[in-house]
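Below is one structure, written out as structure tokens; comments come after it.
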Amino acid sequence: MKIGIVCYPTFGGSGVVATELGKALAKKGHQVHFITYSQPTRLDFFNENLFYHQVDVRTYPLFQYPPYELVLSSKMVDVVKYEKLDVLHVHYAIPHASAAYMAKQILATEGISIPVVTTLHGTDITLVGKDASFAPVVTFSINASDGITAVSENLRTETYDYFNITKDIKVIPNFVDLDRFKRQKKEHFKRAICPNDECMIVHASNFRRVKRVEDVVRVFDKVRKKVPAKLLMVGDGPERSNVEKLCRELGACEDIRFLGKLEAIEEVLSVADLFLMPSEKESFGLAALEAMACEVPVVTSNAGGLPELNIDGETGYVLPVGDIEGMTEKSIYILSSPERLDAFKKRALARAKEFEVSHIVPLYEKLYQEVLDKQKNVALS
Ligand code: GMT
């Protein structure tokens with residue numbers, strides 16, 4: 001199949017899922033064309049089936065806001081036409097699904113039909129999409145898609161709750177590549193950060209408010225008073241300076257390191273004992289899955305799809321959003337017995353294996369085939 005993937009080329013979340021999906025499809029022999037405004041972060045290896053088409057947004061004095069969506073639609077038309085794509089898969093509703101709708105209409109005037117699959121990732125529904133100024137476009141473009149997926153049951157339900165969706169939404173969860181995300185021997189790194197064999201706690205996110213990064217620091221500060229521990233903060237974003245300020249106020253700076261955006265996060269996860277994700281909203285929690293694949297138990301909030309991934313009391317614990325005391329107590333419980341910690345690590349890995357890339361990618365392939373078959377039947381009738 002020739003598949004066009006439209007995504008944000010971001011460091012985490014939907015951009016990573018889209019890129020990893022494209023890479024996995026290319027390895028299986030499909031031809032995959034990425035369409036986005038810069039090279040996706042994880043598009044980091046050569047494969048004869050992978051292509052990247054850059055969307056160039058030109059500035060012009062007349063435009064206070066350059067019309068990205070229109071340039072994107074034009075690029076989609078161009079790539080579908082000249083690369084003879086079979087299907088377009090857009091990740092994140094805004095503006096990708098609506099741009100795809102416009103591309104589809106333009107192509108139809110030239111007798112070219114292309115099915116569009118839209119994958120909803122979370123904030124496109126729970127934050128941005130709900131905004132009244134976007135809601136009509138989100139509703140319309142989801143309903144206009146030929147196939148729709150959501151990354152968790154919770155996101156599927158929320159999409160039906162917030163918008164008037166008349167079509168079926170399939171749940172296809174996030175996935176992980178266990179060849180990359182596995183516990184590696186990085187003991188020298190552990191010794192450098194934890195010279196006295198302290199426990200290593202990790203958080204990774206884009207430091208947006210929705211991640212409640214301050215909760216991570218507050219939980220850690222209480223944990224370290226009971227169990228010797230260090231905290232590694234991976235990623236960067238708008239809340240970072242507030243969080244650094246909090247570390248200073250708590251006098252916890254010597255036990256906390258900010259690593260910034262780190263490509264090889266699996267190296268950090270390889271020496272971690274616990275991963276914290278106290279998010280306000282989290283449709284799936286890919287970063288938590290990647291931690292679990294590296295045998296790291298997770299203490300998370302109960303936001304969105306997190307309880308579908310993190311099995312309370314088995315792979316970690318699930319606590320109400322903002323429950324700092326509860327998260328602290330459960331973190332101490334996991335970390336305070338080596339045998340217990342080991343059992344949590346094993347169960348975290350076993351759970352992550354259920355989301356192995358090879359189990360999930362066929363679900364997308366099946367959906368592509370379904371929308372293609374449907375299109376053929378319409379053409380024949
Ligand atoms: O978490 C983020 O802020 C990034 C965000 C995105 O839109 O790229 O991630 C969302 O999509 C990921 C991949 O499907 C999910 O694993 C994340 O849970 C989801 N984030 C939120 O719902 C906040």
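Every number for a ligand or one of its atoms is a count from 1 in the order of the listing.
- Ligand 1 places these atoms under 4.0 Å from at least one heavy atom of Leu286: 16 (O).
- Contact annotation: Thr123 has at least one heavy atom less than 4.0 Å from an atom of ligand 1.
- Heavy-atom neighbours of Arg257 CZ from other residues, nucleotides or ligands within 6.0 Å: at or below the threshold of 12.
- Heavy atoms from other residues, nucleotides or ligands lying under 6.0 Å from CE of Met200 number more than 12.
- Interface of Asn206 with ligand 1, defined as ligand atoms under 4.0 Å from a residue heavy atom, comprises 2 (C), 3 (O), 4 (C).
- Polar contact with ligand 1: present for Ser283 (N/O pair, distance under 3.5 Å).
- Of the protein's non-hydrogen atoms, the one nearest atom 16 (O) of ligand 1 is Asn174 OD1, 2.7 Å.
- Residue Lys2 places its NZ atom among more than 12 non-hydrogen atoms of other residues, nucleotides or ligands, all under 6.0 Å distant.
- Residue Arg208 approaches ligand 1 through these ligand atoms, each under 4.0 Å from one of its heavy atoms: 2 (C), 3 (O), 4 (C).
- Within a 6.0 Å sphere centred on NZ of Lys261, other residues, nucleotides and ligands contribute 12 heavy atoms or fewer.
- Residue-ligand proximity: Tyr92 is placed with a non-hydrogen atom under 4.0 Å from ligand 1.
- Counting only heavy atoms from C-beta outward, the side chains of Leu85 and Val79 approach each other to under 4.5 Å.
- Under the 6.0 Å cut-off for aromatic ring centres, His91 and Tyr8 do not qualify, their centroids lying 6.0 Å or more apart.
- If you number the atoms of ligand 1 from 1 as listed, the ones under 4.0 Å from a heavy atom of Lys211 come out as 1 (O), 2 (C), 3 (O).
- Near Gly122, with a cut-off below 4.0 Å to any heavy atom, the atoms of ligand 1 are 22 (O).
- When all heavy atoms of Ile35 and Leu72 are compared, the closest pair comes out as CG2-CD1, 4.0 Å.
- In terms of N/O distances under 3.5 Å, ligand 1 is not approached by Thr10.
- Inclusion of Val17 in the set of residues having an N or O under 3.5 Å from an N or O of ligand 1 is not warranted.
- Nearest heavy atoms, Gln54 versus Ser38: OE1-CA, 4.4 Å.
- Separation of the His30 and Tyr368 ring centroids does not fall under the 6.0 Å cut-off.
- Proximity of Lys281 to ligand 1, defined as any heavy-atom pair under 4.0 Å, is confined to the backbone N, CA, C and O atoms.
- Contact between Gly304 and ligand 1 is absent, with no heavy atom of the residue lying under 4.0 Å from the ligand.
- Per-residue contacts place Phe284 under 4.0 angstrom from the following atoms of ligand 1 (heavy atoms of the residue considered): 16 (O), 18 (O).
- Atom numbering of ligand 1 starts at 1 in the shown order; those under 4.0 Å from a heavy atom of Gly13 are 8 (O), 9 (O), 12 (C), 13 (C).
- At least one heavy atom of Val151 lies less than 4.0 angstrom from ligand 1.
- Within a 6.0 Å sphere centred on NZ of Lys366, heavy atoms belonging to other residues, nucleotides or ligands number 12 at most.
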